[in-house]
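Have a look at the structure below before the remarks.
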There are 2 protein chains.
Amino acid sequence: MKPTVHDIARSAGVSLATVDRVLNGRPGVRHVTRERVEGAISALGYVRDVAAANLAKSRTYSFVFILPMNDNPFMISLADEVRGAIGRSGAERTGIRVVDVPPFDPSALVGALEAVLVEKPAGIAFVAIDTPEVRDAVARLAGAGIAMVTLVSDLPDSARDHYAGIDNIAAGRTAASLMGRFLAGRSGTVAVLAGSMLVRDHRERLEGFSAVLQDTFPDVRILSVLEGRDDPELAEMLVADALRRHPEISGIYSLGAGNRGLIRAVQSREADRRPLVIAHELTAPTRAALTDGIIDAVLNQDAGHEVRSAIRVLKAKADGLPVITAQERIRIDIFLKDNLP
Amino acid sequence: MKPTVHDIARSAGVSLATVDRVLNGRPGVRHVTRERVEGAISALGYVRDVAAANLAKSRTYSFVFILPMNDNPFMISLADEVRGAIGRSGAERTGIRVVDVPPFDPSALVGALEAVLVEKPAGIAFVAIDTPEVRDAVARLAGAGIAMVTLVSDLPDSARDHYAGIDNIAAGRTAASLMGRFLAGRSGTVAVLAGSMLVRDHRERLEGFSAVLQDTFPDVRILSVLEGRDDPELAEMLVADALRRHPEISGIYSLGAGNRGLIRAVQSREADRRPLVIAHELTAPTRAALTDGIIDAVLNQDAGHEVRSAIRVLKAKADGLPVITAQERIRIDIFLKDNLP
DNA sequence: CAATTTCTGAGGTACGTAAATCAAAAAATC
DNA sequence: GATTTTTTGATTTACGTACCTCAGAAATTG
């Protein structure tokens with residue numbers, strides 16, 4: 001039978017009130033007594049019944065998701081998933097609020113974080129922007145005891161508790177590996193279409209991509225990066241222009257958003273002169289392009305998984321509980337024409 | 001504020017006891033009263049607080065995992081993950097027991113199911129074998145109100161509630177797609193190494209593999225299937241023999257276990273005459289072979305995910321709660337040399 | 001209409017923990 | 001040793017639900 005607080009009180013020879021004081025870090029317990037109680041806790045292997053505790057506290061975890069007001073399909077699906085989680089919040093004892101911020105704007109993000117700080121939520125999930133101000137703000141919130149989880153784009157070496165997102169270096173490496181294998185020894189030139197080199201996840205994908213290409217496929221040359229700002233119009237222009245100026249392009253790696261433009265640019269070429277294309281995020285346009293053979297592979301991160309993982313981790317951190325690391329690793333899905341879900 | 005049973009009682013103008021009778025399907029409520037209460041429940045959007053209910057019932061979900069005593073690395077890791085879940089069972093209100101059965105033995109499985117039936121657990125997870133007897137047994141257990149989840153290998157059109165495993169047809173299709181792309185137009189002959197065609201997941205993988213190869217890569221020919229019975233020794237012999245007799249083999253798809261033998265057979269050939277190899281399950285040997293370039297791609301299913309998903313689903317089914325479908329879809333991981341975790 | 005059966009209400013206890021109060025005991029201070 | 005401060009015990013209420021008992025009301029039957 002699982003030991004309860006009563007068992008601990010009896011075993012340590014103290015009253016329930018004292019056990020409560022020790023368990024919840026309340027003052028008024030002598031050092032020796034505290035140690036006696038802690039001894040009994042570990043001797044009996046007591047673990048607090050979180051469900052009962054939450055019931056007693058009539059606790060609801062208050063979490064805030066800070067999301068960029070980005071209109072690309074991936075961010076939209078991320079927001080959808082958060083809304084889905086809000087719909088389930090009744091059953092999960094969570095109260096989730098969404099705060100929108102303009103994209104790629106560090107000071108707006110800092111402002112949002114500061115604004116959220118005053119309401120002292122149990123935790124915050126946010127898409128990080130990698131600047132010192134943001135780091136400082138995160139340190140302040142974490143210092144105030146708020147659980148902090150980065151979403152999609154990380155902020156390493158900061159006070160955040162966890163990152164809910166894919167390993168972007170590994171994603172870039174995977175893309176390069178597929179690109180190299182699909183080219184199958186043919187030497188060639190590869191163009192890279194990114195959103196912005198100011199965003200950490202895009203930088204990391206490029207890093208991984210370049211590293212593997214250089215190491216494993218030295219015959220493949222990378223052109224300078226096209227920055228499409230995740231904008232379909234701009235992306236189409238840039239890609240069309242690159243294809244015109246470099247007829248030898250045999251592959252394109254699109255590591256950001258704005259793939260609608262890329263697809264249009266590729267599609268407008270004759271079928272037998274189209275390059276190999278690897279892109280990110282399975283959305284309506286990339287899915288269709290995959291089916292039509294315009295895109296050859298799509299690397300995907302599951303927004304639903306990221307949101308649910310972030311919530312699980314925020315809960316665990318708010319309770320000071322351990323996280324099942326393997327469960328929270330967000331995987332990179334590789335979709336080909338033939339394994340679409 | 002979330003409505004409670006008290007709110008329902010007040011709103012329906014009945015007593016708490018009556019609400020309780022309706023909620024828990026106890027007798028002694030007139031039809032009209034029952035409808036009034038149910039009306040109030042849906043009007044207020046009441047959802048039972050499962051945590052509180054479990055506390056009151058001092059319920060622990062009793063689950064049984066029936067696992068084949070197979071000594072291949074994947075089954076071992078599956079058993080490990082179940083043990084891990086047992087370790088967490090204190091915090092999760094679950095009591096999990098493991099029953100071992102001899103592998104590939106339908107009547108042993110049926111016997112185990114029958115034996116488990118008498119102890120009336122809340123749910124059972126088991127690796128299915130696709131025969132009519134097993135189907136009948138599943139129907140009996142499901143009829144007795146036991147939640148049934150198949151693990152790794154499914155039993156479609158049976159009374160099971162859920163399947164926690166990958167889509168094996170999609171896995172085969174993916175393997176074919178990668179094989180075809182990696183061969184990059186070179187025509188060739190592909191050998192398939194399976195465990196046994198009596199197992200459903202192996203059959204389905206082959207089915208998907210063949211379909212895509214025929215449709216998309218008609219120049220690639222498939223040799224008749226080698227049945228290695230998941231035995232490394234036998235697999236090594238079969239593969240070595242096939243490579244000797246068919247020097248034109250340019251690819252091998254290993255859709256079962258026993259990969260240690262396959263790796264040895266491939267390794268013993270000169271490096272420049274080795275075929276392309278795609279295998280299943282990331283284990284110590286396949287991982288090493290991937291790093292060394294002996295294996296070109298590994299399709300993997302995460303045993304930990306499958307076990308945790310099975311438990312979540314069993315819990316939900318035992319409570320009659322809905323399942324978050326997207327969350328429970330087990331993904332096929334594709335590992336290449338460059339994206340090993 | 002009386003007797004019987006079927007519903008319903010009121011109330012309590014329990015689950016394991018949190019949080020509070022108040023009194024009593026122990027320790028520290030002067 | 002008296003006073004103050006700190007520590008501890010005992011007890012209570014609450015969280016939302018389950019489950020039990022018993023009495024009384026309502027409906028059904030004869």
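The interatomic distance linking A/Arg26 (CZ) with C/dA20 (C1') rounds to 9 Å, in whole Å. In this structure, CG of A/Asp7 is placed 9 Å from P of C/dG16, rounded to the nearest angstrom. Distance B/Ile8 CD1 to D/dA18 C1': 15 Å, rounded to the nearest Å. Rounded to whole Å, atom P of C/dT6 lies 14 Å from atom CZ of B/Arg21. Computed from coordinates, the A/Arg34 CZ to D/dT6 C1' distance equals 13 Å when rounded to whole Å.
A/Asp136 meets the salt bridge (charged side-chain N to carboxylate O under 4.0 Å, His left out) test with no other residue; sequence neighbours excluded. For B/Gln327, the side-chain contact (heavy atoms from CB on, under 4.5 Å) test picks out A/Arg308, A/Arg312, B/Arg312, B/Ile324, with sequence neighbours left out. Checked against side-chain contact (heavy atoms from CB on, under 4.5 Å), A/Leu16 has the following partners two or more places apart in sequence or in another chain: A/Val5, A/His6. Qualifying salt bridge (charged side-chain N to carboxylate O under 4.0 Å, His left out) partners for B/Glu133, counting only residues two or more places apart in sequence or in other chains: none. Judged as a salt bridge (charged side-chain N to carboxylate O under 4.0 Å, His left out), and not counting sequence neighbours, the contacts of A/Arg140 are A/Glu114. Not counting sequence neighbours, the partners of A/Arg97 by the side-chain hydrogen bond (donor to acceptor under 3.5 Å, both in side chains) test are A/Glu119. For A/Ala142, the side-chain contact (heavy atoms from CB on, under 4.5 Å) partners at least two apart in sequence or on another chain are A/Met148, A/Ala159.
Using a 4.0 Å cut-off on heavy atoms, the residues of residues 10-20 of chain B that approach DNA chain C are B/Gly13, B/Val14, B/Ser15, B/Ala17, B/Thr18, listed by number. Residues from residues 312-323 of chain A with heavy atoms under 4.0 angstrom of DNA chain C: there are none.
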request  = Indicate for each nucleotide in nucleotides 25-30 of chain C, in 5' to 3' sequence, whether protein heavy atoms under 4.0 Å reach the base (B), only the sugar-phosphate (S), or nothing (-).
outcome  = --S---

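If you take atom C1' in C/dT13 and the same atom in D/dG24, they sit 22 Å apart, rounded to whole Å.
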Under 3.5 Å, which protein N or O atoms sit close to an N or O of nucleotides 14-16 of chain D? Give each pair with its distance.
unit_1	atom_1	unit_2	atom_2	d
D/dC15	O2	A/Leu55	O	3.3
D/dC15	O2	A/Ala56	N	3.0
D/dG16	N2	B/Ala52	O	3.2

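Under a 3.5 Å cut-off, the side chain of B/Asp319 and the backbone N or O of B/Leu321 do not form any donor-acceptor pair. No side-chain donor-acceptor contact under 3.5 Å links B/Thr60 to the backbone of B/Arg93.
A salt bridge links B/Arg135 with B/Asp130: the closest approach of a Lys/Arg side-chain nitrogen to an acidic carboxylate oxygen falls below 4.0 angstrom.
Listed by first and then second residue, the ring-ring contact (aromatic ring centres under 6.0 Å, His included) pairs involving residues 9-64 of chain B are B/Tyr61-B/Phe63 (not counting sequence neighbours).
B/Thr150 and B/Asp154 share a donor-acceptor pair across their side chains, judged by distance under 3.5 Å alone. Donor-acceptor pairing under 3.5 Å is lacking for the side chains of B/Asn300 and B/Arg331.
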